There are 2 protein chains.
Amino acid sequence: MDTLFLSKTDLFRGIPPEDIQSMLGCLKAATKTYQRGDFICREGETVTAMGMVLSGSVSIENDDIWGNRSILDRVGAGQVFAENYACLPGERLMISAVVNEPTEVLFLSTDCMFTVCSHACVFHNKLIRNMLTIAARKSLNLSRRIMHTSSKSIRGRLLSYLSFQATQHGCRAFDIPFNRQQLADYLSVDRSAMSNELSKMQRDGIVKVERNHFVLLESDGL
Amino acid sequence: MDTLFLSKTDLFRGIPPEDIQSMLGCLKAATKTYQRGDFICREGETVTAMGMVLSGSVSIENDDIWGNRSILDRVGAGQVFAENYACLPGERLMISAVVNEPTEVLFLSTDCMFTVCSHACVFHNKLIRNMLTIAARKSLNLSRRIMHTSSKSIRGRLLSYLSFQATQHGCRAFDIPFNRQQLADYLSVDRSAMSNELSKMQRDGIVKVERNHFVLLESDGL
DNA sequence: GCCTCCTTGTTGTTATAACAACATACTTGT
DNA sequence: ACAAGTATGTTGTTATAACAACAAGGAGGC
């Protein structure tokens with residue numbers, strides 16, 4: 001197990017590689033390899049362990065009863081998924097985890113995370129703190145998405161998202177991490193309608209757009 | 001401090017009242033009383049403690065730059081708020097906490113939650129586990145709301161919400177905890193448009209509605 | 001260079017949600 | 001029982017988003 005890699009992840013941050021090695025036993029660590037299209041877990045199942053992507057990437061998706069698929073998250077190397085379900089034994093998954101490319105996943109049981117363990121207890125606390133930090137940040141990301149999609153108009157959603165990005169970057173000019181389709185999915189709007197609205201906003205002098213680069217102009221209350 | 005009350009909350013569940021008493025010092029517990037309309041904390045600020053409502057209730061709301069207010073959560077007695085921010089020191093609040101009625105709030109610092117404390121360490125672990133459980137459940141609630149609002153039509157959102165409620169109750173007939181306006185806010189749609197759509201769905205034989213009581217009829221893929 | 005694939009912008013049409021305004025229940029307090 | 005206030009359903013109009021179809025760029029491979 002590449003404990004040096006693990007020591008750089010959000011979950012094991014601040015724990016020396018040699019201590020991680022001894023913790024992995026505690027956490028019943030097990031790795032498994034998947035191919036593109038494989039399901040790691042499916043909606044309706046229950047899980048007892050969280051997953052960490054070691055290499056490759058995983059999509060967290062929700063399929064409604066009519067088969068419409070929506071991507072809720074994309075988890076890359078070093079990031080964890082299903083941690084909320086692992087913390088709530090017996091809770092049925094609302095989502096499925098699907099592999100985008102050849103991917104190696106490390107499963108970590110949360111059972112032992114909460115009990116005092118015999119090895120490396122100093123770092124046990126660090127692990128739990130990291131876990132809470134990850135959970136808190138993910139929660140904030142979800143809240144943020146809800147806020148950005150609470151406006152009923154496309155323009156309102158775009159301005160909510162863009163003005164947040166501007167404050168994040170501390171600058172009216174910034175790049176966003178989405179292409180048009182991804183941004184439309186994030187804001188739950190139609191891509192072409194969003195493109196259209198962006199053009200109108202440009203004509204109205206609210207914003208300047210060039211692919212991923214945005215500049216918010218004055219008089220937008222920012 | 002009413003430690004008996006605290007021992008029944010999600011946060012202190014499983015910890016005897018006498019041990020809670022000694023933990024409160026650890027957590028730098030402090031109470032404060034508020035009147036209707038008071039702000040406990042405001043968007044843009046940073047916090048170092050989480051809040052627990054002892055009596056009364058608090059609304060978690062977000063005001064966009066045009067002054068449109070949206071209620072994200074309502075926190076009642078025994079529940080906590082701002083816990084994600086308390087776990088992420090320095091993170092600026094995206095939301096404000098506003099008091100709905102005369103309310104008493106207990107503030108708990110998270111600083112000491114992660115360090116080994118001298119008193120009642122057996123229950124310290126229990127506290128942290130409870131904290132993670134609360135965080136996980138809140139996260140799942142947020143994910144669920146995102147899923148229920150991801151459909152572009154009002155009917156799709158209603159069916160997503162209602163079919164989830166049906167599976168939750170294990171029965172096609174169930175009551176929902178919202179009135180029409182609250183449900184419309186939750187689904188981010190206009191109330192009257194939603195009422196209208198509910199009527200249409202009733203005419204289409206998909207659902208039977210009577211105030212808070214819903215019955216999902218057959219042939220909806222459930 | 002050329003071809004193909006993918007992304008983005010544009011337009012017109014259609015469906016549908018928002019909005020406003022009102023009527024009809026229900027609640028609650030007196 | 002009555003009045004006042006709130007919640008819900010209904011309707012018609014208007015704004016707007018979804019959708020489909022296409023054109024115009026890039027980007028990458030050969």
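Chain letters run A, B, ... following the sequence lines, proteins first, then strands; residues in each count from 1. Just so it is clear, the model here is predicted, and its values are computed rather than measured.
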Does B:Ser199 place a side-chain N or O at less than 4.0 Å from the phosphate oxygens OP1/OP2 of D:dT10?
yes
So, A:Arg36 and A:Glu101, do they make that salt bridge, N to O below 4.0 Å?
no
Is it the case that the side chain of B:Asp38 and the backbone of B:Val99 share a donor-acceptor pair, with hydrogens and angles ignored and the cut-off at 3.5 Å?
no
Along DNA chain C, first and last positions that approach a heavy atom of chain A under 4.0 Å:
C:dT8 to C:dA18
note: B:Asp190, atom CG; D:dT10, atom P; distance rounded to Å ~ 15 Å
Taking the six-membered ring for Trp, are the ring centroids of A:Tyr186 and A:Tyr161 within less than 6.0 Å of each other?
yes
Categorize B:Ser192 for me: base, sugar-phosphate, or nothing, with a 4.0 angstrom heavy-atom threshold over every strand shown.
base
Can you sort out which residues in residues 173-181 of chain B have a heavy atom within less than 4.0 Å of DNA chain D? Ascending by number, please.
B:Asn179, B:Arg180, B:Gln181
Approximate separation, where rounding is to 0.5 Å, of B:Asn84 CG and B:Ser139 OG
7.5 Å
Can you tell whether the side chains of A:Lys138 and A:Glu83 come within less than 4.0 Å, N to carboxylate O?
yes
Please report, rounded to the nearest Å, how far the C1' atom of D:dA7 is from the CG atom of B:Asn212.
11 Å
Below 3.5 Å, does any donor atom in the side chain of A:Arg211 face an acceptor in the base of D:dG25, or the other way round?
no
A:Asn62 side-chain N/O to A:Met94 backbone N/O, donor-acceptor pair under 3.5 Å:
yes
Using atom CZ of B:Arg203 as one end and atom P of D:dG9 as the other, report the distance to the nearest whole Å.
12 Å
Do the charged groups of B:Glu91 and A:Arg137 touch, with an N to O distance under 4.0 Å?
yes
Is any side-chain heavy atom of B:Leu24 less than 4.5 Å from a side-chain heavy atom of B:Leu108?
yes
